[in-house]
Amino acid sequence: MGSSSPLHFTHSSPLHTNPLSPAHSNISSPGREMERLAKARSKLLESESNQTPRLPPETREQLRYVSKDGKCRVNLGHIDERGRFLSDIFTSFVDLQYRWFLFVFMMCYITTWFLFAGLYYVNASIRGDLGQEQPLDGFISALLFSVETQRTIGYGSRTVSPTCHEGVLLVMMQCIVGSMIDALMVGCMFVKISRPKKRAETLLFSRTCVIANRDDQLCLMFRLGDLRESHMVDAKVRAKLIKSRQTAEGEFLPLEQTEIDLGYETGSDRLFLVEPQVIQHNIGASSPLWDLGPVQLRRQQFEIIVILEGIVEATGMMCQAKTSYIETEIEWGARFEPCMTLEKGSFRVDLRRFHTTYKVPLPNCSASQAHQLMVLAGCKVQSHTTCGEWDAWAEGTEEDQNLKTKKEDG
């Protein structure tokens, strides 16, 4: 009775007994097993991310999320609902490549020409109007009449008589269909030609980012520029950090997007892009680069996406230009060379210096480590000041005690 048996622990309440660990239990629930595997996978991925990437530069360049010229390297596969593209056929036509767009453009006209030519030929055959002395003497004549009708050429040698009611109806139908095709194709061609994608070719991004101190604040900086004299209206810039990570529960988040503040609250992200400008991101406690130093920059794989948006002054259409910077394209302890000078009463921009940088002294520690060092230095200075005040107060108290002692002795 006094000794405890295994049955006693088995039937006892879990509130009064310690649960058996999976290491000492022969039976493990599926939930614990999955949790254990998830934690093991999380540790494996974390250990792999902490190692220095050994990818060659060519392979790392191919793993970009966004290329340097702004093209997103994401391919959508296994799309089952293809009919969604036909519901927005105008945008589908505009998004086609030029060779496919011109092919569809020509096939729309050729298909309607041959379709109505066949209808004219069948109608003439039924009515017995085919022959040498008739307007239509074969399928080629019907095809030429179809082209003349849809394109409103009107040579006058082939016409529809008022007694042929079916022919009059076919001519009306072809005119309506031809007008619809003209409106669609010409509209698509105009929109495709006037799209502001080519405007992004004249917007410049610096080849690299730099990290240096500016106004006693560690900053990530890159440079923007515009080659045209017609400037962007209401230009805005934003940036995102693309990096994979694992959550506390072991979930792997591939290519997680984190916003990089470029001065949204202060309005620094809204640009008057007349001359090249250096955009800065203050690396504060809320920055995703807070814990990254020069060593961590080389050990981790991430990508910074920069997006510049604005309205094209000539066309009034929205334009977007993108580029990216990987970890090997960030220079620690560097600044951009000034590229604008004042010559003969006007400002001159030397674009040869647009991408040029120069080295500046910068400690090899992250912003968080530098902040901790400053806090420790401030505490030491404050402690020395407090000690000095305490010594002065102690000396003053001792002098007062000596004066009181002399007065009492006197």
Side-chain angles (χ1 to χ4, degrees), residues 52-53 57-58 60-61 64 66-70 201-227 235 237-241 260-263 266 268-269 271-284 287-308 321-344 346-371 373-374:
T52 304
E58 296 80 6
R60 183 65 184 92
E61 184 70 21
R64 282 182 177 272
V66 176
S67 61
K68 295 295 288 184
D69 56 356
E201 300 292 336
T202 55
L203 297 174
L204 294 180
F205 296 90
S206 59
R207 297 192 188 99
T208 59
C209 287
V210 297
I211 294 180
N213 284 324
R214 175 179 281 189
D215 296 330
D216 297 331
Q217 176 73 43
L218 193 64
C219 300
L220 172 75
M221 294 173 283
F222 56 90
R223 182 179 274 173
L224 299 177
D226 192 358
L227 297 179
V237 62
R238 53 195 176 98
K240 288 185 175 294
L241 179 71
I260 296 179
D261 186 21
L262 298 180
T266 60
S268 302
D269 61 332
L271 308 177
F272 182 53
L273 200 58
V274 178
E275 80 284 350
Q277 296 187 11
V278 177
I279 311 300
Q280 71 176 37
H281 161 66
N282 295 330
I283 304 177
S287 172
L289 307 177
W290 175 248
D291 295 323
L292 296 182
V295 178
Q296 291 82 1
L297 285 176
R298 297 297 181 264
R299 288 184 177 179
Q300 298 191 15
Q301 292 186 4
F302 61 91
E303 190 170 348
I304 297 176
I305 311 298
V306 179
I307 305 172
L308 175 63
K322 300 183 290 293
T323 190
S324 68
Y325 302 97
I326 57 178
E327 65 278 355
T328 57
E329 295 173 346
I330 299 178
E331 300 183 26
W332 185 272
R335 291 197 184 104
F336 289 104
E337 283 193 5
C339 60
M340 189 171 63
T341 57
L342 180 61
E343 298 180 3
K344 299 180 180 180
S346 62
F347 294 99
R348 180 180 178 84
V349 177
D350 187 4
L351 293 177
R352 294 176 298 178
R353 301 180 179 179
F354 184 84
H355 303 284
T356 308
T357 60
Y358 64 94
K359 292 293 183 180
V360 294
L362 186 66
N364 292 327
C365 61
S366 62
S368 62
Q369 294 173 349
H371 178 72
L373 293 176
M374 292 178 63

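Remember, it's a predicted structure, so these values are computed and weren't measured experimentally.
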Q.
Using side-chain contact (heavy atoms from CB on, under 4.5 Å), reason through Val278 and Arg214 one step at a time and then give a plain yes or no.
A. CA-CA 12 Å; Val278 177; Arg214 175 179 281 189; 4.0 Å; yes
**Q.** Check: Asp291/Ser366 side-chain N/O donor and acceptor closer than 3.5 Å
**A.** no
**Q.** cation_pi(Arg223, Phe354) dist<6.0 Å, angle<=45
**A.** yes
Q: Test Glu329 against Lys68 for side-chain contact (heavy atoms from CB on, under 4.5 Å), laying out the working first.
A: CA-CA 11 Å; Glu329 295 173 346; Lys68 295 295 288 184; 3.5 Å; yes
Q: Would you indicate whether the side-chain heavy atoms of Tyr325 and Ile305 approach each other to under 4.5 Å?
A: no
Q: Output yes when a side-chain donor or acceptor of Thr357 lies under 3.5 Å from a complementary backbone atom of Arg335, and no otherwise.
A: no
Q: Verify whether one side chain among Arg64 and Ser324 offers a donor that lies under 3.5 Å from an acceptor in the other.
A: yes
Q.
If you compare all heavy atoms of Arg298 against all heavy atoms of Glu327, which two are closest, and at what distance to 0.1 Å?
A. NH1-O, 3.1 Å
Q: For Val210 and Leu220, run side-chain contact (heavy atoms from CB on, under 4.5 Å): C-alpha distance rounded to whole Å, both residues' side-chain angles, the deciding distance at 0.1 Å, then the answer.
A: CA-CA 6 Å; Val210 297; Leu220 172 75; over 6 Å; no
(Q) Given Phe222, which partner from the list Ile279, Thr323, Ile304, Ile330 fulfils the side chain to side chain contact (heavy atoms under 4.5 Å, CB included) test? (A) Ile279
Q. Can you name the side-chain contact (heavy atoms from CB on, under 4.5 Å) partners of Asn282, sequence neighbours left out?
A. Gln217, Cys219, Gln280
Q | Gap between atom OG of Ser287 and atom CD1 of Ile260 - 0.5 Å precision | A | 6.5 Å
**Q.** Shortest non-hydrogen separation from Pro276 to Leu351 and the atoms involved
**A.** CG-CD2, 4.4 Å
Q) Is there side-chain contact between Ile211 and Met221, with at least one heavy-atom pair below 4.5 Å? A) no
(Q) Pair Leu203, Leu224 - check side-chain contact (heavy atoms from CB on, under 4.5 Å), show working. (A) CA-CA 7 Å; Leu203 297 174; Leu224 299 177; over 6 Å; no
Q) Can Thr208 and His355 be counted as having a side-chain donor-acceptor contact under 3.5 angstrom? A) no
Q) Looking at CD1 of Ile326 and CG of Leu297, how far apart are the two atoms once the value is rounded to the nearest 0.5 Å? A) 12.0 Å
Q.
Once rounded to the nearest 0.5 Å, what's the spacing between atom SG of Cys209 and atom NE2 of His281?
A. 10.5 Å
Q: Indicate yes or no for a side-chain donor-acceptor contact from Glu303 to the backbone of Val66 under 3.5 Å, with no hydrogens or angles considered.
A: yes
Q. To the nearest 0.5 Å, how far apart are CG in Asp261 and OG in Ser268?
A. 8.5 Å
Q. In terms of side-chain geometry, is the basic nitrogen of Glu331 or Arg207 positioned less than 4.0 Å from the acidic oxygen of its partner?
A. no
Q) Is the closest side-chain heavy-atom distance between Val237 and Val306 below 4.5 Å? A) yes
Q | Distance (rounded to the nearest 0.5 Å) between Gln296 CD and Trp332 CH2 | A | 8.5 Å
Q) Would you call Phe336 and Thr356 a side-chain contact if the rule is heavy atoms closer than 4.5 Å? A) no
Q.
So Ile283 and Leu292, do their side chains get closer than 4.5 Å, heavy atoms only?
A. no
(Q) If you count every heavy atom of other residues, nucleotides or ligands that lies below 6.0 Å from Phe347 atom CZ, does the total exceed 12? (A) no
Q. To the nearest 0.5 Å, how far apart are CD in Gln369 and NE2 in His371?
A. 12.5 Å
Q) Can a salt bridge be assigned to the pair Arg352 and Glu337 using a cut-off of 4.0 Å between side-chain N and carboxylate O? A) no
